[in-house]
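Let me begin by presenting the structure, written as structure tokens, before commenting on it.
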Amino acid sequence: MKRTDDEAPFTGVILPHEASLADFDPRRGPCCTAEDFRIDILGTPKSKWNISATKVFARDFVAHHPSFNIDSVQTAFCTHLRSLKRSFKQAGLDNVASSARQKEDRRKERKRSVCICLYHRRLDTARAVSDLHPHITMLMRIGPDGMSSDETANENNVPQYRILGRHWRGLEVTAWLRVFDAMYRHNRWGPAGIGSRGNNARMQFESMSMGHPQRAVRRLPRNAYRAEWYDSLDQYDREELDRCEAEVYAFTHVPGIQL
């Protein structure tokens, strides 16, 4: 941590608003390096980030001091981490960090609610349109976690929403889901363009961005996943995903409702 005494400023800490903490997945490698070492100062010693940081520290320490046992070094670092957290709190910095974490939690909750609302809207549409009935089960298997989120932007003071796809989801699945949205708009606005009561339609535009990496929905048909994404997974991740290798789903619609 490079603190020379108890009055020295804190360095090498990661705060909740930083994307690298929110997106950290230990299956994709260590949280940091010995050269750019950071701890989750608000997290417990057993948080995903701090477990990874403890291993990074212990391995580097033992590499420079071979006489030490790596397990004992990890135990000692956990004790030191608790001491750092106490010092951080006593310095009054925990309130600032806690505020940042609460802000990040609210951002995550908003994005989660967007996905849930989109899922239920598509599911309601599928139940209301007979030609979509055969796809209800697959839509339920994909679930809210397979839906896209969005990010706000402003153009000439007009709010816009950039649609962020799932980095793991196949492009044919995205096109398949867009038909549910088209049918929803058709049912809501009608051929005359007269809308029903409710919130004003939002200006949306497609984005090439896949957004922040998220954990993929498990046990879907093999063609539900983006091929290049799946090819990049190691054996552990593939086993965890448990892709249905023998199942290929027809992510298509009858001609009458194709976009």
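Fair warning: this is a prediction, and the values are worked out from it, not measured in the lab. The figures that follow rest on heavy atoms only: side chains count, while hydrogens, waters and symmetry mates do not. Count residues from 1 along the sequence.
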Item to check | All side chain to side chain contact (heavy atoms under 4.5 Å, CB included) counterparts of V129, not counting sequence neighbours | outcome: T125, D131, L132, M183, N187

Next on the checklist: Below 30° counts as parallel, above 60° as perpendicular, anything between as tilted: where do the rings of H65 and F68 land?
Outcome noted: perpendicular

Checklist entry - What are the two closest heavy atoms between L139 and A126, and how far apart are they? => result CD2-CB, 4.4 Å

Item to check | Qualifying residues under side-chain hydrogen bond (donor to acceptor under 3.5 Å, both in side chains), relative to E172, sequence neighbours excluded | outcome: none

Checklist entry - Do V254 and V179 belong together in a cluster built from hydrophobic side chains that touch within less than 4.5 Å? => result yes

Checklist entry - Just how far is it from atom CE of M140 to atom OH of Y119, taken to the nearest 0.5 Å? => result 4.5 Å

Checklist entry - Any link between V217 and M138 through a network of hydrophobic side chains (Ile, Leu, Val, Met, Phe, Trp, Tyr) touching at under 4.5 Å? => result yes

Checklist outcome for this item: Applying side-chain hydrogen bond (donor to acceptor under 3.5 Å, both in side chains) to S47 and not counting sequence neighbours gives N50

Next on the checklist: With side chain to side chain contact (heavy atoms under 4.5 Å, CB included) as the criterion, how do D181 and R178 come out once you've worked through the C-alpha distance, each side chain's angles and the decisive distance to 0.1 Å?
Outcome noted: CA-CA 5 Å; D181 301 334; R178 292 288 175 258; 3.5 Å; yes

Checklist entry - Which atom names give the shortest non-hydrogen contact between L81 and P45, and what distance separates them? => result CD2-CA, 3.7 Å

Checklist entry - Do I116 and L118 belong to the same hydrophobic cluster, where Ile, Leu, Val, Met, Phe, Trp and Tyr are linked whenever their side-chain heavy atoms lie under 4.5 Å apart, directly or via other members? => result no

Checklist entry - Does the side chain of E240 reach to within under 4.5 Å of the side chain of R218, using non-hydrogen atoms? => result yes

Item to check | salt bridge (Lys or Arg N to Asp or Glu O under 4.0 Å) partners of R141, counting only residues at least two apart | outcome: E247

Checklist entry - Once the angle between the rings of Y249 and H135 is folded into 0 to 90°, is it parallel (under 30°), tilted (30 to 60°) or perpendicular (over 60°)? => result perpendicular

Item to check | Contact summary for F180 and H253, nearest pair of heavy atoms | outcome: CE1-CE1, 3.7 Å

Checklist entry - How many angstroms lie between atom SG of C31 and atom CG of D36, to the nearest 0.5 angstrom? => result 9.5 Å

Checklist entry - How about H167 and Y225: are their ring centres within less than 6.0 Å of each other? => result no

Next on the checklist: Please enumerate all residues that pass side chain to side chain contact (heavy atoms under 4.5 Å, CB included) together with E245, with sequence neighbours excluded.
Outcome noted: R222, Y230, R243

Item to check | Euclidean distance, L123 CG relative to I142 CD1, rounded to 0.5 Å | outcome: 11.5 Å

Checklist entry - Can you say whether the rings of W176 and F251 are parallel (under 30°), tilted (30 to 60°) or perpendicular (over 60°)? => result perpendicular

Checklist outcome for this item: When every non-hydrogen atom of D231 is compared with those of R238, the smallest separation belongs to O-NH2, 3.2 Å

Item to check | Shortest non-hydrogen contact between A58 and I70, atoms and distance | outcome: CB-CG1, 3.7 Å

Checklist outcome for this item: So NZ of K48 and OG of S52: to nearest 0.5 Å the spacing works out to 11.0 Å

Checklist outcome for this item: Interatomic distance, CG@L233 vs CD@E239, rounded to 0.5 Å, equals 11.5 Å

Checklist entry - Closest heavy-atom contact between L84 and I39? => result CD1-CD1, 3.9 Å

Next on the checklist: Checking the side chain of W229 only, and the main-chain atoms of G170 only, is there a donor and an acceptor separated by less than 3.5 Å?
Outcome noted: no

Checklist entry - Taking side chain as C-beta onward, heavy atoms only, is V173 less than 4.5 Å from L177? => result yes

Checklist entry - If you round to the nearest 0.5 Å, how far is CZ of F61 from OG of S72? => result 8.5 Å

Checklist outcome for this item: Applied to residues 52-72, the salt bridge (Lys or Arg N to Asp or Glu O under 4.0 Å) test, sequence neighbours excluded, yields none

Next on the checklist: Check whether H133 reaches the backbone of R127 with its side chain - one donor and one acceptor, N or O, closer than 3.5 Å.
Outcome noted: yes

Item to check | salt_bridge(R121, D124) N-O dist < 4.0 Å | outcome: no

Next on the checklist: Does any part of the side chain of M147, heavy atoms only, come nearer than 4.5 Å to the side chain of C117, both counted from C-beta?
Outcome noted: no

